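Heavy atoms only: backbone and side chains are in, while hydrogens, waters and symmetry mates are out. Worth saying up front: this structure is predicted, and the values here are computed from it rather than measured.
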Number of protein chains: 2
Amino acid sequence: MSVKKINIKDISEASGLSVSTISRVLNGKAKQYRISKKTQEKVLKIVEELKYVPNQVAVNLKRGNTRTIALIVPSLNNPFFANIASVVSLELRKLDYTTLISDSNENLEMEKEEINQLVARNVDGILISPSSQETEHIDWVVEQNIPLVCYDRFFSKKHIPYVASDNYAGAYEGTKYLIENGHKRIACIQGSLLSTPNEFRKKGFEAMAKESGLKDYMITGSEFSVRNGYTETLLMLQAHNKPTAIFSFSNNIALGCIKALKEFNLRVPEDISLITFDDHPYLEYLSTPLTCIAQPVEEICAIAIRHLFDLINKREIIYQKVQLKPHIIHRKSVRNIAFHE
Amino acid sequence: MSVKKINIKDISEASGLSVSTISRVLNGKAKQYRISKKTQEKVLKIVEELKYVPNQVAVNLKRGNTRTIALIVPSLNNPFFANIASVVSLELRKLDYTTLISDSNENLEMEKEEINQLVARNVDGILISPSSQETEHIDWVVEQNIPLVCYDRFFSKKHIPYVASDNYAGAYEGTKYLIENGHKRIACIQGSLLSTPNEFRKKGFEAMAKESGLKDYMITGSEFSVRNGYTETLLMLQAHNKPTAIFSFSNNIALGCIKALKEFNLRVPEDISLITFDDHPYLEYLSTPLTCIAQPVEEICAIAIRHLFDLINKREIIYQKVQLKPHIIHRKSVRNIAFHE
DNA sequence: CTCTATATTATAAACGTTTGTCCTGATTTA
DNA sequence: TAAATCAGGACAAACGTTTATAATATAGAG
């Protein structure tokens with residue numbers, strides 16, 4: 001039953017050829033070393049028969065690379081990142097690379113541990129959406145010449161390549177849209193204060209607010225989670241003057257928001273308007289189809305991967321910082337109240 | 001800038017101790033080999049200073065195991081599996097194992113390739129939701145004594161451990177619920193014909209149909225996808241006598257279903273009732289909160305992991321087949337039409 | 001028939017660890 | 001005082017590959 005795992009030496013013995021010959025035909029170096037057709041066929045035949053597949057661990061050790069890219073996401077439970085994980089792993093597979101998906105749980109310590117693991121495992125590159133602005137562990141990676149690029153979140157103060165949405169523009173436009181629809185009392189529910197997307201979304205919002213003379217607004221919340229969206233909404237609904245519109249800074253926040261609104265029997269958009277960052281297939285079929293600011297996920301992944309491979313292949317690399325414009329998907333959750341009050 | 005990756009030999013030289021001593025203190029075998037406190041501290045200090053982290057590739061090669069478990073999902077874009085991926089990777093991390101998530105894209109060839117890769121990479125175990133009933137590649141894994149357990153989908157004809165929902169019971173109960181609510185014309189939209197969950201859901205449905213004398217039903221569809229749900233719904237809505245209820249066999253199918261229903265301006269449940277397999281956070285907030293048959297995801301993951309580790313640790317293992325009862329979450333998408341026609 | 005090319009395959013070092021075994025002093029036992 | 005024990009650590013083989021280099025055989029040239 002239990003067949004010993006067969007290795008290249010077994011093939012060598014079974015064929016009467018040396019291991020180097022086996023290795024060479026298996027690695028397509030047959031002509032380079034002028035190995036006869038006959039020998040090649042013999043090798044291939046035996047390999048086939050014995051179902052030999054080279055031990056990648058040994059190969060990796062010898063070659064020093066692993067054809068593996070690590071993808072660190074803050075949370076796989078966030079559909080935005082699940083989506084990214086799916087896209088990235090499919091893309092990388094096309095390039096014949098394996099993806100190692102790591103969930104840092106929005107936790108710096110876990111992230112550090114993971115980075116350690118990943119470096120120890122000799123990954124060829126790292127794609128990361130960092131959970132904080134702390135960079136010591138990241139610097140360590142870079143020092144070792146391990147290619148690393150940030151996606152979605154990045155380090156504002158470091159020269160580390162990244163690709164992200166233009167969150168400033170997204171928030172700016174979203175806010176503009178709200179204001180154009182007559183909203184004068186707007187509440188933002190933000191996510192992790194430490195993340196760059198949040199920082200820029202906040203700035204974009206504030207810029208538009210300032211520009212249009214909006215005074216009556218609040219920015220609250222502290223986590224990209226359902227719970228945060230829920231409790232913050234609950235809180236603001238009990239304040240003396242409720243906002244006429246809520247700007248949610250992520251899909252999970254929006255979900256919490258909707259939950260709270262429903263419990264309060266508030267209709268969207270009749271009683272209150274809602275706009276959120278991040279699209280999701282279900283958004284269109286909610287009791288009120290949700291207007292959102294959609295990020296160009298596929299493009300972000302594609303460019304991040306390209307940058308990473310530029311690094312891996314040591315191609316001429318300009319200091320890469322890319323911001324992609326998100327776009328508003330208009331659905332039904334924002335009401336025009338310009339003439340209603 | 002570019003620091004050469006430091007290895008155990010560097011530590012040995014820097015400390016004037018032999019590599020075996022370094023290795024031993026790092027692996028907690030200090031007392032076993034009676035290494036003095038002083039030496040231990042010295043080693044630890046230098047390791048700390050130089051930020052040495054052992055090359056896992058070499059460790060793996062030497063030890064023959066990788067502390068890595070592969071999780072093969074048919075599609076990460078399916079929230080059900082994304083959820084599983086998240087839960088499994090978090091659980092495994094607690095056990096100090098790394099998870100290698102692989103997306104087989106519902107595609108047997110890809111699955112085979114991946115299994116090859118995974119075996120070549122010396123994973124310590126495989127958790128798989130197979131994309132077909134073909135088992136040649138699986139048998140090959142088992143022959144090599146690589147622990148493998150199926151989750152969600154499995155092989156009906158093989159003695160391979162699995163843990164899944166009791167899909168028969170789920171469909172049986174779901175159908176019963178529909179019938180109790182007066183539905184006499186029911187359409188099922190099924191998923192992949194090759195998958196066991198689909199097989200049992202279909203059987204459960206048919207059993208209940210037979211038991212209650214239901215004659216007027218149809219079973220259609222062939223994929224666990226949004227598109228399948230969409231087109232099948234479109235088709236059945238154009239038939240001469242529309243069903244009064246639709247039983248969707250997965251979340252993605254339901255999404256397609258909802259989309260088609262909306263395009264036809266059909267209200268749920270006033271015009272047509274809908275029930276689906278799989279829960280999802282958004283279901284509660286859809287224009288009609290969707291009644292569903294929820295699978296015990298966390299339990300499935302937990303048990304699958306336990307079985308896998310039983311195998312890994314060669315514990316006494318009874319031929320393990322586990323089916324967990326799903327439960328109906330009652331929301332608003334099924335209408336009682338018992339007295340309406 | 002010897003010599004040089006040329007075609008083909010073998011040998012062995014190296015990748016970075018772990019670990020069984022051996023070695024050296026020092027201390028204790030008898 | 002010789003033998004035995006023990007503390008502390010070093011050596012070197014092994015894991016399964018890849019690859020530079022060496023080796024051998026064959027054939028054609030002269």
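- Protein atom NZ of K5(A) is 17 Å distant from nucleotide atom C1' of dA14(D), rounded to whole Å.
- Whole-Å rounding puts the Q32(A) CD to dA7(C) P distance at 14 Å.
- Side-chain proximity of S18(A) to dT9(C), dT19(C), dA14(D): nearest is dT9(C).
- Of all nucleotides listed (dG9(D), dT17(C), dG16(D)), dG9(D) comes nearest to the side chain of T21(B).
- Nearest heavy atoms, S131(A) versus N107(A): OG-C, 3.7 Å.
- S36(B) comes within contact range of the sugar-phosphate backbone alone, with a heavy-atom separation under 4.0 Å but no base atom that close.
- In this structure, the CD1 atom of I22(A) is 15 Å from the C1' atom of dT19(D), given to the nearest Å.
- Here S23(A) does not reach the OP1 or OP2 of dT19(D): none of its side-chain N or O atoms lies under 4.0 Å away.
- Among the protein residues, N27(A) comes within range of the sugar-phosphate backbone only, with heavy atoms under 4.0 Å from sugar or phosphate atoms but none that close to a base.
- Using a distance-only test at 3.5 Å, with no hydrogens or angles considered, a donor-acceptor pair links the side chain of S36(A) to the main chain of T39(A).
- Separating the NZ atom of K29(B) from the C1' atom of dT18(C) is a distance of 7 Å, rounded to the nearest angstrom.
- In this structure, Y33(A) places its OH atom 9 Å from C1' of dT18(D), rounding to the nearest Å.
- Classification of the F309(A)-Y97(A) ring pair by plane angle, with boundaries at 30° and 60°, yields perpendicular.
- Contacts of I35(B) with the nucleic acid, taken as non-hydrogen atoms under 4.0 Å apart, involve only primed sugar atoms and P, OP1 or OP2.
- Across dT19(C), dA10(D), dG16(D), the shortest atom-to-atom separation from the side chain of L17(B) is found for dA10(D).
- The side chain of P54(A) has dT17(D) as its nearest neighbour among dA20(D), dT17(C), dT17(D).
- Rounded to an integer number of Å, the gap from L61(B) CG to dT18(C) C1' is 11 Å.
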Determine, stepwise, if the pair F224(B) / F81(B) fulfils ring pair (Phe, Tyr, Trp, His ring centres under 6.0 Å). CA-CA 12 Å; F224(B) 287 120; F81(B) 290 114; 8.4 Å; no
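- The phosphate of dT17(C) has OP1 or OP2 within less than 4.0 Å of a side-chain N or O from Y52(B).
- The side chain of R34(B) approaches dG8(D) more closely than any other nucleotide in the set dT18(C), dT8(C), dG8(D).
- Using a cut-off of 4.0 Å between Lys/Arg side-chain N and Asp/Glu carboxylate O, E48(B) and K45(B) are scored as not salt-bridged.
- Taking atom CG on N60(B) and atom C1' on dT17(C), their separation rounds to 10 Å, with Å as the unit.
- Between E143(B) and K5(A) there is no salt bridge, since none of the side-chain N atoms of the basic residue sits less than 4.0 Å from a carboxylate O of the acidic one.
- Taking atom CD1 of residue I8(B) and atom C1' of nucleotide dC15(C), one finds them 14 Å apart after rounding to whole Å.
- You'll find a donor-acceptor pair under 3.5 Å spanning the side chain of R24(A) and the base of dA20(D), going by distance alone.
- Here the nucleotide nearest the side chain of A58(A), chosen from dG16(C), dT17(D), dC6(D), is dT17(D).
- Of the candidates dA10(C), dT18(D), dT18(C), dT18(D) carries the atom nearest the K62(A) side chain, counting heavy atoms from C-beta on.
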